[in-house]
Amino acid sequence: MDRASVTARLSSRVAIRALVALCWCLLLAGCAATSAQRGTGDLGIVIERADGRVAIVETTARRILAKVEGLGDLSHASAVFSRDGRYAYVFGRDGGLTKVDLLGARIVKRVMQAGNSIGGAISQDGRLVVAQNYDPGGIKVFDAVTLELLAEVPTGSKVVGLVDLPGNRFAYSLFDKGEIWVTDLADPRRPHTRRFPAGMHPYDGLVTPDGRYYLAGLFGEDGVALLDTWQIDKGVRKILENYGRGEEKLPVFKMPHLRGWAIAGRHAYLPAIGRREVLVVDTERWQETRRIPVKGQPVFVMARPDGRQVWVNFAFPDNGWVQVIDTLTGQVVQTLQPGKAILHMEFTPRGEQVWLSARDDHAVVIYDTQTFARLDSLPLQSPSGIFFASRAARIGF
Amino acid sequence: MRLIVLMIVSMLYVMPKAWAEPDIARQRELIHWVRQDCGSCHGLRLTGGLGAPLTPEALRDKPMAGLVATILYGRPGTAMPAWQAFLSEGEAEWIVRQLQQGFPRESR
């Protein structure tokens, strides 16, 4: 081997080593940018409603990881998650739809899709994000990757209670028209919609965790509209009719919210409109089995993931209280005062903690659901909705 | 005599009322309350939601008395409840005036 070829071989070796070193550097830098490789199973977001900002939080260490600014009017904001749990789609009051990367702590894409919006849902296959709008009333269908508009279904009414159903279908209610609509998005660009009369002023809706029954709570009358989506031709049937027995309703200072968390075991726990009661319904016969008196008019009635407890918060002026119902006895077992203006609650995926937003204390407070001990308090400005990424895997969330 | 009483009463009704303005602390409470709690239906920016928009443009042609009555007694057949247990007529009128002028932001 002559001298020249030895030198060449040596220098190529050096070059390869340098290249390998460079690759490592790039790899490490890439990791640092996403704050080390990690999953999102214990992550979530909290809405800071007055500042157009969301905080990215972690439930394992109970800490705020980052804040993301620039999400517009979040007066009434809600979020759904991509099926890999990495992205949150945040729906704002001003019609903004923002895709937030939980790991990168940044906005990936943001579109203004309506004048006034209330929430949204994601399809079973994760490919479609659907927004429900007040103005102009209707739903809009977006590509979950690009947020490109694929289709819209105008309703001529404010839309509430949008949920995903198996088969890339979506159910929702028309506040002004008193109807439930089910839109099939098997072909996203050609929505196919069926309409059902529901009752006066549906205010929100939920789908049972198995994706079968869609329920719309009615504001304009005592009762709940029920649609069996496995036997959709049978149409809507009214349950819990006249639960107020014609008694005078209390003024309702805040609309209750419904979602699949209302189901614990074989029972649904629903807020009674204009009454200081939680209604318990047998989900096999769809009949009222019990009503539980509580401290105020319920807003959120949420079952812990194991269904053993149901946590209830209340409308103004009782919004400083939270009560816990034991589902075995049907009794209120705890009455808590977690803070001023408790707007929302969210359980960790398996329910050992509950996070509550105390809007007027500018804090999210965290309780142990077994001992009811207060574990922590995180400083956040006017917090409202709390959404954990574990929602990604649940029908109706 | 009756006529005079009626005239005085109706004048009192029509004349701008000399309500004492709510004091600063109460004003701050009312601003917070309108933004946050009325805001759950009408939006923090009062641009509407389930409830109607409460912007100056939206309220421009609406009479004061009707708006005050809506706040105090609600609107039957809609989701607007009666708030009279929580505020006086004077405070409701102060709120309407602020809404018509462009509602103040909350101070932090």
Side-chain angles (χ1 to χ4, degrees), chain A residues 47-52 72-77 92-95 114-119 133-135 137 157-161 175-176 200-204 218-221 249-257 273-274 297 299 315-317 319 340-341 343-344 359-360 362 381-384, chain B residues 25-59 67-89 91-92 95 98-99 102-108:
Chain A
I47 307 288
E48 292 189 299
R49 70 196 293 260
D51 297 296
D73 180 357
L74 299 181
S75 319
H76 188 293
R93 166 63 15 113
D94 55 4
N116 198 309
S117 181
I118 182 76
N133 296 323
Y134 279 171
D135 182 26
S157 161
K158 290 172 182 147
V159 174
V160 297
F175 181 79
D176 307 298
M200 208 169 149
H201 288 150
Y203 65 86
D204 201 0
L218 301 174
F219 179 80
E221 58 186 286
K249 265 199 222 168
L250 301 170
V252 178
F253 297 116
K254 180 163 176 165
M255 278 292 174
H257 289 63
I273 284 278
Q297 292 183 49
V299 174
F316 175 90
N319 55 7
K340 276 190 265 170
L343 292 193
H344 193 223
R359 183 193 69 202
D360 292 354
H362 302 293
Q381 198 65 35
S382 289
S384 55
Chain B
R26 180 62 175 157
Q27 285 185 16
R28 197 171 295 153
E29 263 175 36
L30 293 173
I31 291 168
H32 176 72
W33 189 51
V34 169
R35 287 266 171 212
Q36 300 290 335
D37 290 300
C38 303
S40 37
C41 281
H42 297 280
L44 274 171
R45 299 181 188 177
L46 305 170
T47 48
L50 198 61
L54 303 178
T55 53
E57 305 76 61
L59 300 182
L67 294 171
V68 170
T70 297
I71 294 175
L72 293 175
Y73 311 115
R75 286 182 67 189
T78 75
M80 178 66 182
W83 296 92
Q84 57 177 333
F86 308 102
L87 79 177
S88 70
E89 194 175 337
E91 289 169 343
I95 289 171
Q98 303 309 310
L99 288 171
F103 203 75
R105 293 176 69 94
E106 274 193 80
S107 52
R108 292 244 173 102

**Student:** At a heavy-atom distance under 4.5 Å, which candidate from B:Ala79, B:Cys38, B:Ala85, B:Pro53 has the highest pair count against chain A?
**Tutor:** B:Ala79
**Student:** Below 4.5 Å, heavy-atom pairs only: which of A:Ser117, A:Pro317, A:Gly220 has the largest tally toward chain B?
**Tutor:** A:Pro317
**Student:** If you tally heavy-atom pairs under 4.5 Å against chain B, which of A:Asn319, A:Asp51, A:Ile118, A:Asp176 wins?
**Tutor:** A:Asp51
**Student:** Decide if atom CZ of B:Arg26 counts as having more than 12 heavy atoms of other residues, nucleotides or ligands within a radius under 6.0 Å.
**Tutor:**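 Yes, the 6.0 Å shell around CZ holds more than 12 heavy atoms from other groups.
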**Student:** Measure distances from A:Ala50 to the heavy atoms of chain B and classify the residue's part below 4.5 Å as side chain, backbone, both or neither.
**Tutor:**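 For A:Ala50, the contact with chain B is made by backbone and side chain together.
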**Student:** Chain B heavy atoms under 4.5 Å from A:Asp73: which part of the residue, side chain, backbone, both or neither?
**Tutor:**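 Both backbone and side chain.
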**Student:** Locate the shortest heavy-atom distance separating B:Gln36 from A:Ser382; write the atom from each residue and the value.
**Tutor:** NE2-OG, 4.3 Å
**Student:** If I compare all heavy atoms of B:Pro81 with all of A:Phe253, which pair ends up nearest, and what's the gap?
**Tutor:**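 Taking every non-hydrogen atom into account, CG-CD2, 3.6 Å.
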**Student:** When you compare the side chain of B:Leu50 with that of A:His76, does any pair of heavy atoms fall below 4.5 Å?
**Tutor:** no
**Student:** Would you name the heavy atoms of A:Arg49 and B:Leu44 that are closest together and state the gap between them?
**Tutor:** O-CD1, 3.3 Å
**Student:** Can you measure from CG (B:Asp37) to NZ (A:Lys254) and round to the nearest 0.5 angstrom?
**Tutor:**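 Rounded to the nearest 0.5 Å, the CG-NZ separation comes to 8.0 Å.
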**Student:** Measure across A:Ser75 and B:Arg45 and return the closest heavy-atom pair with its distance rounded to 0.1 Å.
**Tutor:** OG-N, 4.2 Å
**Student:** Using 30° and 60° as the class limits, which term best fits the ring planes of B:Trp83 and A:Phe316: parallel, tilted or perpendicular?
**Tutor:** tilted
